[in-house]
Amino acid sequence: MELVNSSNGFDLSERIDEENENTRENIDQKQRNPTSLKPQSNRNVPKFSSFNIRANRKIHDELITQKEIDAAYIQALQTILAANGIEIPPVPEVTHYDSVPRLLIDSEHVMQDGSFESLDKTISKLKQYMNILPIDVQYHDLSFWGMVSKTRIPTVGSTLRDLLLFGTGPKLRVDVLKNLTGRIASQKMTLVMGPPGCGKSSFLKALSGQLHLGNNKLEGSITYNGDTTSSGKFKLPKIADYIDEKDQHAATLTVWETFEFAWLVSSNGHHSYAVAADEAGAKELDKLDHIHSKIHNILQILGLKDCADTVVGDEMLRGVSGGQKRRVTVGEMLIPPKSMKFMDAVSNGLDASTTFDIFRALKHISRTLGFTACVSLLQPAPEVFHLFDEVILFSEGQIIYQGPTTQVLSYFENLGYMCPPTVDLADFLQELPTPEGVRFIIDKNSTAPRGTDALVAAYKNSSIHKAMLLEMEESATQTQNFAWPKFATESYASSTLDSIYYCLGRQIKLTLRDRTFLISRLMQGLLVGSIVGSLFNNTPNEDARTLSGMLFFSVLFSVLSSMALLPVIFAQRQVFYKHSRAMFYPTAAFTVAQTLVLIPIQILE
């Protein structure tokens with residue numbers, strides 16, 4: 001496209017090309033002689049906050065070169081435009097790198113539907129009636145390791161060898177978590193970060209009691225208000241929830257029905273369960289039961305109002321989208337009234353705006369009501385990162401930093417690492433423990449700690465770690481002989497009969513909506529019944545052998561037809577495991593509900 005000024009009759013594109021050619025020659029000459037780019041005094045150094053003083057020389061020279069290239073191009077363009085009577089306003093020079101996230105500046109306009117304001121009003125009204133149980137979580141010398149075969153990739157030979165030797169072949173110890181000591185700040189939001197495979201998921205599962213040991217070993221101690229889970233004074237699933245990174249739901253239930261069932265079984269259908277400050281507060285909170293206030297609030301926060309009546313779906317049934325299903329997973333575990341929420345990679349499949357909305361709401365609830373959140377994220381956006389109060393940085397199963405998010409940058413700067421202006425702080429922390437993290441070292445010849453072991457040693461000798469140990473001692477003194485409330489000692493929120501009633505209603509919906517299963521069973525019964533009826537029609541009552549054969553065939557058909565239930569049961573197995581770990585209902589309630597629903601089908605057959 002040609003740029004021509006019709007009034008003055010000159011070709012703007014040709015003039016720009018001429019000036020660009022001269023600019024390129026000057027730039028090439030400077031690049032061939034890079035020493036000429038170095039400033040002669042501090043007054044000539046462009047201001048990039050503290051980066052111009054401590055950054056390594058290579059990046060410093062690249063920034064100056066790029067600035068001169070941009071300045072030369074802008075000057076050439078302004079000269080051409082000014083010569084032809086075209087004026088442009090001057091561009092103010094940026095002399096300070098602003099690390100404040102953009103979305104935080106205008107965060108009040110992120111939720112256009114007013115859901116955050118609605119949440120704020122609701123919490124403000126109900127806060128006087130609520131009292132969330134504060135939990136102080138401490139872990140001392142926590143280690144998790146296991147013995148694995150030296151053969152990294154299983155083969156037919158290695159499998160046969162393990163079978164013949166009964167698993168006594170050569171083993172290799174793998175440490176997932178190594179000698180961790182620290183605490184999860186009560187009534188705050190803690191972010192867990194680190195490269196993939198550093199032990200974040202195992203750490204969250206260990207704290208929430210969801211870690212499957214098998215032949216592995218979990219050493220050390222984890223205390224909750226000074227008591228361990230083996231003390232029997234409380235039930236860990238009644239005070240802590242674990243949100244998995246996998247989406248496991250009943251496909252034929254709607255989003256509303258999924259949330260409603262979680263609310264019924266986790267609080268017996270009462271808003272006052274486990275959160276009421278006293279009896280008067282319980283009466284006020286229970287007034288919200290008939291309108292399902294909590295479900296509406298969670299749907300609003302997660303942006304699921306529009307798809308509340310849509311089935312969740314799976315690979316075979318079209319339902320909500322992948323991002324919406326991730327939000328359903330988060331919302332299902334936000335509904336139970338528990339003091340701690342451990343979330344593992346909950347941002348997978350979510351866009352940056354939705355992730356910010358969710359954690360902004362969680363931060364507000366955490367500060368207002370006082371519940372604790374511990375979240376692992378792989379690469380959080382800057383605006384999401386700054387929502388957290390503390391951050392735990394992992395590397396190879398060890399902690400290289402645990403402390404306030406506001407001090408993490410200055411901490412690593414004191415160690416000799418610098419975060420460039422073009423790199424987000426979260427990305428900087430994510431890459432720092434890896435071998436590529438040495439590029440952030442200011443002085444390559446300095447004694448900055450390199451590698452996981454050196455970073456761990458530096459952290460344990462830091463004032464931040466020592467201050468945390470003092471806080472742990474004070475907290476342990478305050479929580480001695482802690483009296484656990486009644487709900488924390490109960491196995492389930494609902495009685496056995498109530499649990500059966502809730503599970504039965506859910507199972508009826510699942511069965512009636514599985515039309516493929518019902519139609520196939522009905523057609524199968526009609527077809528086999530017609531065949532059996534034609535074979536044994538007009539059989540005399542005296543023919544005992546024939547009647548015995550008919551009875552045997554009928555019983556055999558009933559037994560074999562029950563095998564068709566295996567896919568249905570297997571499809572619900574993972575959902576049952578999730579609910580069982582969260583102590584939603586006893587196993588007997590689930591079994592009885594399934595049996596009662598299948599009795600009418602068996603009678604019809």
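One is the number of the first residue; the rest follow in order along the sequence. Treat the numbers as computed from the prediction; the structure is a model and nothing was measured.
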(Q) Checking the side chain of Ser475 only, and the main-chain atoms of Glu471 only, is there a donor and an acceptor separated by less than 3.5 Å? (A) no

(Q) To the nearest 0.5 Å, what is the distance between CD on Gln507 and CG on Leu598? (A) 7.5 Å

Q. What do you reckon, are the aromatic ring centroids of Tyr224 and Phe482 less than 6.0 Å apart?
A. no

Q.
Between Thr181 (side chain only) and Asp141 (backbone N and O only), is there a donor and an acceptor less than 3.5 Å apart?
A. yes

Q | Side chains of Tyr459 and Gln402 in contact at under 4.5 Å (non-hydrogen atoms) | A | yes

Q. Is Asp278 atom CG crowded by more than 12 heavy atoms from other residues, nucleotides or ligands, each under 6.0 Å away?
A. yes

Q | Donor + acceptor pair across side chains of His579, Gln572 (<3.5 Å) | A | no

Q.
Which label fits Phe412 and Tyr401: parallel for a plane angle under 30°, tilted from 30 to 60°, or perpendicular past 60°?
A. tilted

**Q.** Pair Lys200 + Asp344, salt bridge at N-O below 4.0 Å
**A.** no

Q. Heavy-atom distance under 4.5 Å between the side chains of Ile222 and Leu142, does that happen here?
A. yes

Q | Gln407 side chain to Pro404 backbone, donor-acceptor under 3.5 Å | A | no

Q) Can you list the steps and then say if Thr229 with Phe234 is a side-chain contact (heavy atoms from CB on, under 4.5 Å)? A) CA-CA 7 Å; Thr229 54; Phe234 67 99; 4.1 Å; yes

Q.
Keeping Thr329 on the side-chain end and Asp247 on the backbone end, is there a donor-acceptor pair under 3.5 Å?
A. no

Q | Between His386 and Thr405: side-chain donor-acceptor atoms closer than 3.5 Å | A | no

Q. Does a side chain donor of either Thr479 or Asp136 reach within less than 3.5 Å of an acceptor in the other side chain?
A. no

Q: Look at atom CG of Asp351 and say whether more than 12 heavy atoms of other residues, nucleotides or ligands are closer to it than 6.0 Å.
A: yes

Q: Could you please spell out the steps behind the side-chain contact (heavy atoms from CB on, under 4.5 Å) verdict for Ser143 and Asp175?
A: CA-CA 8 Å; Ser143 298; Asp175 291 296; 5.9 Å; no

Q: For Phe359 and Phe388, run ring-ring contact (aromatic ring centres under 6.0 Å, His included): C-alpha distance rounded to whole Å, both residues' side-chain angles, the deciding distance at 0.1 Å, then the answer.
A: CA-CA 9 Å; Phe359 286 107; Phe388 289 86; 5.5 Å; yes

Q.
Would the distance check show the side chain of Asn216 and the main-chain N or O of Leu213 forming a donor-acceptor pair, the cut-off being under 3.5 Å?
A. yes

Q. Is there side-chain contact between Arg581 and Pro237, with heavy atoms separated by less than 4.5 Å?
A. no

Q) Would you say the side-chain atoms of Asp289 pair up with the backbone N or O of His271, donor to acceptor, closer than 3.5 Å? A) yes

Q.
Determine whether a donor-acceptor pair (N or O, by modelled atom type, separation under 3.5 Å) exists between the side chain of Ser366 and the backbone of Phe371.
A. yes

Q) Any sub-3.5 Å donor-acceptor pair from Arg513's side-chain atoms to Thr252's backbone N or O? A) yes

(Q) Within the structure provided, determine whether Leu387 and Glu383 are in side-chain contact (heavy-atom separation under 4.5 Å). (A) no

Q: Report the C-alpha separation of Phe394 and Ile399 in whole Å, then their side-chain angles, then the decisive distance to 0.1 Å, and conclude whether the side-chain contact (heavy atoms from CB on, under 4.5 Å) test is met.
A: CA-CA 5 Å; Phe394 271 85; Ile399 295 178; 4.0 Å; yes

Q.
Strictly distance-based, threshold 3.5 Å: is any side-chain N or O of Lys238 a donor or acceptor partner for the main-chain N or O of Phe487?
A. yes

Q. How about Arg173: does its CZ atom have over 12 heavy atoms from other parts shown lying under 6.0 Å from it?
A. yes

Q) With side chains defined as the heavy atoms from C-beta onward, is the minimum distance between Tyr577 and Gln574 less than 4.5 Å? A) yes

(Q) Side chains of Leu393 and Val408, heavy atoms from C-beta outward: is any pair under 4.5 Å? (A) no

Q.
Would you say that Ile184 contacts Ile392 through its side chain, given a criterion of any heavy-atom pair below 4.5 Å between the two side chains?
A. yes

Q) For Lys363, does the NZ atom sit with more than 12 other heavy atoms under 6.0 Å from it, leaving out its own atoms? A) yes

Tell me which donor-acceptor pairs under 3.5 Å the side chains of residues 498-506 have, and how far apart each pair is, sequence neighbours excluded?
unit_1 : atom_1 : unit_2 : atom_2 : d
Asp498 : OD2    : Ser495 : OG     : 3.1
Ser499 : OG     : Ser495 : O      : 2.9
Tyr502 : OH     : Asn268 : OD1    : 3.0

Q: Specify whether Phe203 and Tyr139 have parallel, tilted or perpendicular ring planes, treating 30° as the upper limit for parallel and 60° as the lower limit for perpendicular.
A: perpendicular

Q) Has the side chain of Lys233 got a donor or acceptor atom that lies under 3.5 Å from a matching backbone atom of Trp484? A) no

Q) Is there a side-chain contact between Leu207 and Tyr242, using heavy atoms and a 4.5 Å cut-off? A) no

Q | Spatial distance of atom SG (Cys419) from atom CG (Leu429) [nearest 0.5 Å] | A | 7.5 Å

Q: Give the C-alpha distance, both sets of side-chain angles, the deciding distance and a yes or no for side-chain contact (heavy atoms from CB on, under 4.5 Å) between Phe261 and Tyr585.
A: CA-CA 11 Å; Phe261 179 76; Tyr585 46 78; 3.6 Å; yes

(Q) Heavy-atom count check: over 12 atoms from other residues, nucleotides or ligands less than 6.0 Å from Lys305 NZ? (A) yes

